[in-house]
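Comments concern the structure below.
Side-chain atoms are counted along with the backbone in the values below, which use heavy atoms only and exclude waters and symmetry mates. On a predicted model such as this, the values are computed, not experimentally measured, just so you know.
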Amino acid sequence: LPNGEQKRALTLLARAMGDSQFEVRQEALRAVERLLASQIITLAELPPLLGPVLLRAEDENVGVRRSAMAVLGRLSSLALPDELRGRVLLALLGRLSDPARDVRAESLRSLGLLRAQNATAAALRLLRDPADEVRKQAMLCLGRLGAEAAIPILRETIETGSDTQRAAAVSALALYIAPTAPKALSGEVFAQATQAILLCLGSGTLRPLVVESLLAASERVGPIL
């Protein structure tokens, strides 16, 4: 769209986030999420949208809160200034105790995408959440953060967890060795994650996931193999 029309469209979406019907609020958030995923919204256009999105983080409707968390995760594609990033992370951390499991899970996913290192302790705590999806997203969040403290827990999950949780643990460990892993990740942590993944080669159900993880890994995995 021409700049003037796009600005008008974003203004209308921001207004729709305050609509009295939750379906309208949720669809406005989904539209913003799609625009962020397509990298159509620039950092300069974000401030008028961010306030309404943050307000929806406290919405009475579960679906609206979850959609707001998803939008905040999409901001990982933008180089947020410290002040805006702080507001986003505060909202996401606040929803980790949400009564709805879908909201907790989406918050963890977004914190991982934003590489929120201050979420490590909370994600470790949520590995004991009663909901499977929340535990899965906690594992993936810790993998994206490259949290060394999570590796023994992920190995234990591989050994004793359900099939679904074991697959989630392998996927989380794969994030430690992926080219997109945090650059500050030490060689020792990288090796621990690789060795934990290799433990699953004997499992027929997990072997395809292990092979996929190793093929997607950086060249640092070669010497360990």
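- The distance from the CD1 atom of I197 to the CG atom of L209 is 8.5 Å, given to the nearest 0.5 Å.
- For D82, there are no salt bridge (charged side-chain N to carboxylate O under 4.0 Å, His left out) partners, not counting sequence neighbours.
- Screening residues 19-43 for salt bridge (Lys or Arg N to Asp or Glu O under 4.0 Å), with sequence neighbours left out, gives R25-D59, E27-R30, E27-R34, E33-R74.
- Note that CZ of R125 and OG of S97 are 7.5 Å apart. Values are rounded to the nearest 0.5 Å.
- Distance check: I158 CD1 to Q165 CD gives 11.5 Å after rounding to the nearest 0.5 Å.
- The nearest pair of heavy atoms linking P179 to A217 is CD-C, 4.2 Å.
- Taking each heavy atom of L154 and A169 in turn, the nearest pair found is O-CB, 3.8 Å.
- V64 and V24 fall into different hydrophobic clusters, defined by Ile, Leu, Val, Met, Phe, Trp and Tyr side-chain heavy atoms under 4.5 Å apart, directly or through other members.
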Requested in this report: Show the numbers, then the answer: is there a side-chain contact (heavy atoms from CB on, under 4.5 Å) between L142 and L127?
Outcome: CA-CA 10 Å; L142 290 163; L127 288 173; 3.7 Å; yes

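- Without hydrogens or angle criteria, R135 side chain to R128 main chain gives no donor-acceptor distance under 3.5 Å.
- For T205, the side chain to side chain donor-acceptor pair (under 3.5 Å) partners at least two apart in sequence or on another chain are S203.
- G18 approaches R56 most closely through the heavy-atom pair CA-NH1, 4.0 Å.
- Remark: the backbone N or O of L114 is not paired with any side-chain donor or acceptor of S76 at under 3.5 angstrom.
- Take N118 and apply the side chain to side chain donor-acceptor pair (under 3.5 Å) test, not counting sequence neighbours, and it matches no residue.
- Rounding to the nearest 0.5 Å gives a distance of 8.5 Å between CG of L46 and OG1 of T42.
- Placement of V170 and V189 within a single hydrophobic cluster is found when ILVMFWY residues are connected by side-chain heavy-atom separations under 4.5 Å, directly or transitively.
- For E188, the side chain to side chain donor-acceptor pair (under 3.5 Å) partners are Q192, not counting sequence neighbours.
- Side-chain contact between L173 and S213 is absent, with no heavy atoms from C-beta onward closer than 4.5 Å.
- Using a 4.5 Å cut-off between side-chain heavy atoms of Ile, Leu, Val, Met, Phe, Trp and Tyr, with links allowed through other members, L113 and V103 fall into different hydrophobic clusters.
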Apply the test side-chain contact (heavy atoms from CB on, under 4.5 Å) to residues D132 and T164: give CA-CA distance (whole Å), side-chain angles for both, the deciding distance (0.1 Å), then the verdict. CA-CA 9 Å; D132 279 349; T164 302; 5.7 Å; no

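- Between R65 and E58, none of the side-chain N atoms (NZ, or NE/NH1/NH2) sits under 4.0 Å from a carboxylate O, so this pair counts as no salt bridge.
- Residue L43 is grouped with residue L35 when hydrophobic side chains (ILVMFWY) are merged at heavy-atom distances under 4.5 angstrom, including chains of intermediate members.
- Residues passing the side chain to side chain donor-acceptor pair (under 3.5 Å) test with Q6 are E45, sequence neighbours excluded.
- Scanning for side chain to side chain contact (heavy atoms under 4.5 Å, CB included) contacts around L54 gives L50, L72, R87, A91, with sequence neighbours left out.
- Between L78 and L36 the shortest side-chain heavy-atom distance falls below 4.5 Å.
- Residue V88 forms a side chain to side chain contact (heavy atoms under 4.5 Å, CB included) with just one option from V71, L93, V53, L75, and that option is L75.
- Listed by first and then second residue, the salt bridge (Lys or Arg N to Asp or Glu O under 4.0 Å) pairs involving residues 195-221 amount to none (not counting sequence neighbours).
- Separation of atoms CG (L145) and CD (Q117) is listed at 5.0 Å; rounding is to 0.5 Å.
- For residues 109-121, the salt bridge (Lys or Arg N to Asp or Glu O under 4.0 Å) pairs, not counting sequence neighbours, are E106-R109.
- Listed for the Y176 side chain is a donor-acceptor partner under 3.5 Å among the backbone atoms of A147.
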Notebook entry, point to check: Could you walk me through whether S107 and D98 pass the side-chain contact (heavy atoms from CB on, under 4.5 Å) check?
Noted result: CA-CA 9 Å; S107 300; D98 195 281; over 6 Å; no

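- Contact record, G146 with P182: N-CG, 4.1 Å, taken as the closest heavy-atom pair.
- Atom CG in L140 sits 9.5 Å away from atom CG in L108 (nearest 0.5 Å).
- Annotation for A14 and L49: closest pair CB-CD2, 3.9 Å, computed over non-hydrogen atoms.
- One hydrophobic cluster, built from ILVMFWY side chains closer than 4.5 Å, holds both I40 and M17.
- Between P208 and G204 the shortest heavy-atom distance is CD-O, 3.5 Å.
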field: Stepwise side-chain contact (heavy atoms from CB on, under 4.5 Å) check, L214 with I177
entry: CA-CA 8 Å; L214 294 173; I177 66 175; 4.3 Å; yes

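- By the side chain to side chain contact (heavy atoms under 4.5 Å, CB included) test, L215 is found to be paired with V211, residues two or more places apart in sequence or in another chain being considered.
- Pairs passing the salt bridge (Lys or Arg N to Asp or Glu O under 4.0 Å) check and including a residue from residues 143-161, sequence neighbours excluded, do not occur.
- Under the salt bridge (charged side-chain N to carboxylate O under 4.0 Å, His left out) criterion, D129 pairs with R104, sequence neighbours left out.
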